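Worksheet: the structure to be examined is printed underneath.
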Amino acid sequence: MGRPEEAALLQLEEVFSATLARIDSLVLQPLLMLEPTDPQSRECLQLLQQLRKSSQQLWKVTEESLHSLRERLRHPDAIGLESLLLLDGADRVLQVYMEYIESYTSCVVTQAFQKAVKKRSDYWRSRQKALQQQLWGMTSEGSMDTKLAQVLCQPLTRHVQEYVSLLRSLRDTAGEHRPACELVAHATTLFENLQSFMRQALDQAVATQGLWRTLSSRLRDALYTPARRLLQDSQDMPLTVTPLRAERVLLFDDILVLLQGHNVHTFDLKLVWVDSEQNGCVFHLLTPEEEFFFGSKYRQDQVVWQWKITQAVCQALRGKKDFPLLGAGLESSKPPICRSMAYTFLAEGRLCQATYEGEWYQGRPHGKGTLKWPNGRNHVGTFCQGLEHGFGICLVPQASEDKFDCYKCHWREGSMCGYGICEYGIDEVYKGYFQEGLRHGFGVLESAQQAPQHCKYTGHWERGQRDGYGIQEDSDRGELYIGLWQADQRHGPGVVVTQAGVCYQGTFQEDKMVGPGILLSEDDSLFEGTFTRDLTLVGKGKVTFPNGFTLEGSFGSGAGRGLHAQGVLDTDALPPDPSSTCYRQLGLGIFPVESRWQGVYGPFRDFVHTGCPGDLQEALLGFHVQSSRELRKSQEYLCCESTQLDDSAGRMEDILEELLQHRDPEALQKCLRKALSNSLHPLGKLLQTLMLTFQATYAGIGANKHLQGLAQEEVKQHAQELWAAYRGLLQVALQRKGQALEEEEDTEARDRRVHGLVLPLMLPSFYSELFTLYLLLHEREDSHYSQGITNLSLFPDTNLLEFLDVQKHLWPLKDLTLTTNQRHSLVKDKCFLSAIECLQKVITTMDPREKLEVLERTYREIEATVSRVLGQEHKLPMDDLLPLLIYVVSRAQIQHLGAEIHLIRDMMDPIHTGGLFDFLLTALESCYEHIQKKDMHRSPR
């Protein structure tokens, strides 16, 4: 099979190998004797060295091909045709040939042969006869450098031509023997293309050499590189360019050049997009900063130019020349619209001198990328149509110090929009929402703890300024302001709480207290009048002391004099109602609870209203990048091409689907518990933000008894908002399925869901701060209660039962097992033990309903014990229950029972009003009040 062709190939390779060896000794080695004396000759020498290296590689692969041919002909039955290097390694052989051609044409472009001959002209004249013998049909009239060029090219051209002829013949004789047949066909195609490539490469080299000779030295210095090749010149095929009106267009294999007077405009082909839409004889080009329309008088010229630019872009992006580079046909591949490249912007504007590295689309940064400015500013994130869009991290250097502002935010059309975390170089951190690059909506701005004047603002913003309802903690002054803001100043009704326990309520205007206000001191004295910045009463006013005395007149203060007054002291007034001072609540009515935290509820409502789009999910929920290490990971994540962004839309789909599948009461409770405990769930994020506002208001300085009313109604409002949020998400989920939500809930049905389902799930998140306020508010009565418990604890069981007027037939004495040395009168903490242990569990839960259920079980345990004593089922009337319950409560010794009772009463589901739970809670309240009375403070006889 193909034996004559294989023999011919062997002979061809032997001749070519010998020719390469002679050329090396006759031409290449002498060329390298050039002694460089200037940059041009050094460049020339480097190119000639590369040419010899390529020639040696060519000789080496030819020898390997010879070896495979000899082995095949020596053992035709054992070694198949597919073992030939020309077939099995055709791609590798082809690469070696192309590298030689590239090296050779670079020498042609730079006139390396001419320069080498000029340096040693006498030597090369003496070698002319020897060179003549290496060429076919060469006349003696050509210059020496031309003869050198022919010696280094003609044998290769002839060799490839004979390769193609023999491979075609071998293909015809190979028949259907596979895989040899396929290998021969593949090799034939490769070397046929190589022929075309060689012709084009030589033509381009000659054209490029001619161009460098004709250009001015200024243009040549700007454009020249040894590897650059001219593909098309508008002087050969006229072309007009608008709006630039270029006088000449040069298409190279790596750049597009537009010449306009003395200006040279160059465009990297890797960042050139050719618009496939054609309009007559015009086509459209896009670059990172400019766009052009190329037109021609003739349609055919326009087609050729567009095709050549398109193919040149493809070649530049692939980083290597394919063949045929510019074949006769006009069928071509299209360059990708999406690319990953680096580019430095030059035009004036915000991106001037900035370098973008990342993904592009149609001439614009689009996708993941990094934008760096010379001043150190750095943006890492996602882009859309040239603008920052989506999550991004931006570092902005401060002018005066070696510090940076770090913005980890969501961006929309080039501006921060949505949730963000900003760490400022001045040791401040903002966490909240943005709009058009400014703080807008809800956000928290806090200075570092070690800052000289630590300050924290939690509240609403309007176009970069504090505006609306907000909380500011000033640690330096030891004050907490709760109230309204306008234009970055306290403005409107507000409450100030100090670390010393002083509370002020009044009106502010442009950050100053104006008009009358009230002030409650730590000892429950009430001041009414006008106050200074330091909360000192000045001018006309009134003071009501805890004992009921009043002082009304004019007040003032001076250095070292404290508060002084001139007025009337009334000592005949009755003691004030405790609820008017000790239990007085501030802020109620002046801050409507439904309008306080609209900046928190608003983004969630907007998200639901737009149908919960996945691409806005992270802008609503935020993200979790806190430490510098996590910041670096985020930057790596954004820049890593192999890492795909999480499918946010998919996550949202899963969330909505889960809501649809868990709609019955028991499943819904589990679903909501899971959602509220997950900060990446919209409901969980909403709860987490509400917790943040609650802690900012009522923890630390804000832990003041006069704010308990504000806190209580806030918790209830949050529960309503969370239920409304769930309903909104459910409605979106149903709409996506083509269904509709059931008819609108009435107030009664909503309240049942809020108190029975949502409040128990969310209350633990607020319980610590809320219960602390109840403790402070009821501290005095709890103190009396604790004293009563202490006194009652001294009684033995029978004495206490007798003291409480419990009927003796109800005493559970037969439950007690006594030793011979014991008497009933000495037994302590043994009666109604099961009921006592049950009641003690009331402090182990934060759910008001569960606390009521503990109270109900305690009642059942008391009744069960009495029934066992009487030997029959017995229902206790109120007159019998109350003393027994007082006994159980006194022995349970629950701390802060008053705070517990009031919290249960305030948070209890209204559905239980008038029922058993209400009855038992009322009974517990009566026990609590009885234990506080003075007659309970007697010691046992």
Side-chain angles (χ1 to χ4, degrees), residues 39-40 43 109-111 203-275 278-313 315-316 326 341-356 360 362-364 374 386:
Q40 287 188 348
E43 179 188 72
V109 168
T110 58
Q111 297 181 312
D203 291 344
Q204 290 168 9
V206 172
T208 307
Q209 183 196 68
L211 176 69
W212 298 145
R213 285 201 307 265
T214 60
L215 290 180
S216 66
S217 59
R218 184 182 64 84
L219 286 177
R220 186 169 58 250
D221 292 342
L223 300 175
Y224 167 79
T225 66
R228 182 165 289 161
R229 302 290 182 269
L230 177 66
L231 305 183
Q232 189 64 53
D233 187 343
S234 63
Q235 287 189 346
D236 301 326
M237 189 177 291
L239 191 71
T240 59
V241 182
T242 55
L244 191 62
R245 299 191 179 278
E247 299 161 1
R248 189 176 182 182
V249 181
L250 300 172
L251 175 62
F252 292 94
D253 58 354
D254 61 336
I255 60 172
L256 178 68
V257 179
L258 305 181
L259 302 180
Q260 184 187 39
H262 294 292
N263 297 321
V264 181
H265 305 275
T266 62
F267 304 93
D268 186 345
L269 289 179
K270 295 176 183 177
L271 287 168
V272 170
W273 280 259
V274 182
D275 194 343
Q278 296 183 2
N279 182 15
C281 297
V282 177
F283 63 95
H284 186 202
L285 250 63
L286 297 170
T287 70
E289 298 186 74
E290 299 178 76
E291 55 181 289
F292 305 100
F293 291 91
F294 284 38
S296 179
K297 184 177 180 181
Y298 302 104
R299 168 72 173 170
Q300 184 61 28
D301 290 353
Q302 176 263 323
V303 171
V304 171
W305 264 104
Q306 181 174 348
W307 181 74
K308 286 191 174 184
I309 294 175
T310 300
Q311 293 312 292
V313 170
Q315 301 267 340
L326 296 170
M341 294 296 300
Y343 178 78
T344 300
F345 291 87
L346 302 176
E348 291 296 326
R350 74 181 189 95
L351 296 181
C352 183
Q353 300 301 316
T355 299
Y356 174 78
W360 297 76
Q362 287 285 62
R364 299 290 181 268

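Being a predicted model, the structure only gives us computed values, none of them experimental.
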Got a second to check how far [X]'s [atom1] is from [Y]'s [atom2], nearest 0.5 Å?
X: Leu250; Y: Leu215; atom1: CG; atom2: CG; answer: 6.5 Å
X: Met237; Y: Gln300; atom1: CE; atom2: CD; answer: 8.0 Å
X: Leu211; Y: Arg220; atom1: CG; atom2: CZ; answer: 10.0 Å
X: Thr225; Y: Glu43; atom1: OG1; atom2: CD; answer: 9.0 Å
X: Glu290; Y: Leu244; atom1: CD; atom2: CG; answer: 6.5 Å
X: Phe283; Y: Thr310; atom1: CZ; atom2: OG1; answer: 7.5 Å

Practice prompt. Determine whether Gln302 and Val282 make a side-chain contact, defined as any pair of heavy atoms from C-beta on separated by less than 4.5 Å.
Written response: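 When only atoms from C-beta onward are counted, Val282 and Gln302 do not touch, as no gap falls below 4.5 Å.
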Worksheet entry | Phe294 side chain near Ile309 side chain, heavy-atom distance below 4.5 Å | yes
If you look at every heavy atom in [X] and [Y], which pair is closest and at what distance?
X: Leu258; Y: Ala246; value: CB-CB, 3.9 Å
X: Cys352; Y: Leu346; value: SG-O, 3.7 Å
X: Pro288; Y: Arg364; value: O-NH1, 3.6 Å
X: Phe345; Y: Glu289; value: CA-OE2, 3.4 Å
X: Trp212; Y: Val109; value: NE1-CG1, 3.4 Å
X: Gln362; Y: Trp273; value: OE1-CD1, 3.2 Å

Any donor and acceptor pair, going by atom type alone, linking the side chain of [X] with main-chain N or O of [Y] inside 3.5 Å?
X: Arg228; Y: Ile255; result: no
X: Ser296; Y: Cys281; result: no
X: Trp305; Y: Ser234; result: no
X: Trp360; Y: Met341; result: yes
X: Gln235; Y: Arg248; result: no
X: Arg229; Y: Pro226; result: yes
X: Thr208; Y: Leu230; result: yes

Worksheet entry | Candidate list Val264, Val249, Thr266, test side chain to side chain contact (heavy atoms under 4.5 Å, CB included), partner Leu259, passing option |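 Considering Val264, Val249, Thr266, a side chain to side chain contact (heavy atoms under 4.5 Å, CB included) with Leu259 is found only for Val264.
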Worksheet item: Of Leu239, Val257, Leu269, which is the lone residue that meets side chain to side chain contact (heavy atoms under 4.5 Å, CB included) with Leu251?
Response: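 For Leu251, the side chain to side chain contact (heavy atoms under 4.5 Å, CB included) test succeeds with only one of Leu239, Val257, Leu269, which is Leu269.
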Worksheet entry | No-hydrogen, no-angle side-chain donor-acceptor test under 3.5 Å, Gln260 and Arg245 | no
Worksheet item: Given the rule in the side chain to side chain contact (heavy atoms under 4.5 Å, CB included) test, do Asp268 and Asp254 qualify, once you have shown the distances and angles that lead to the verdict?
Response: CA-CA 6 Å; Asp268 186 345; Asp254 61 336; 5.7 Å; no
Discussion item. How about CD on Gln40, more than 12 heavy atoms from neighbouring residues, nucleotides or ligands closer than 6.0 Å, or not?
Written reply: no
Practice prompt. Given side chain to side chain contact (heavy atoms under 4.5 Å, CB included), test Leu286 with Val272 step by step and report yes or no.
Written response: CA-CA 6 Å; Leu286 297 170; Val272 170; over 6 Å; no
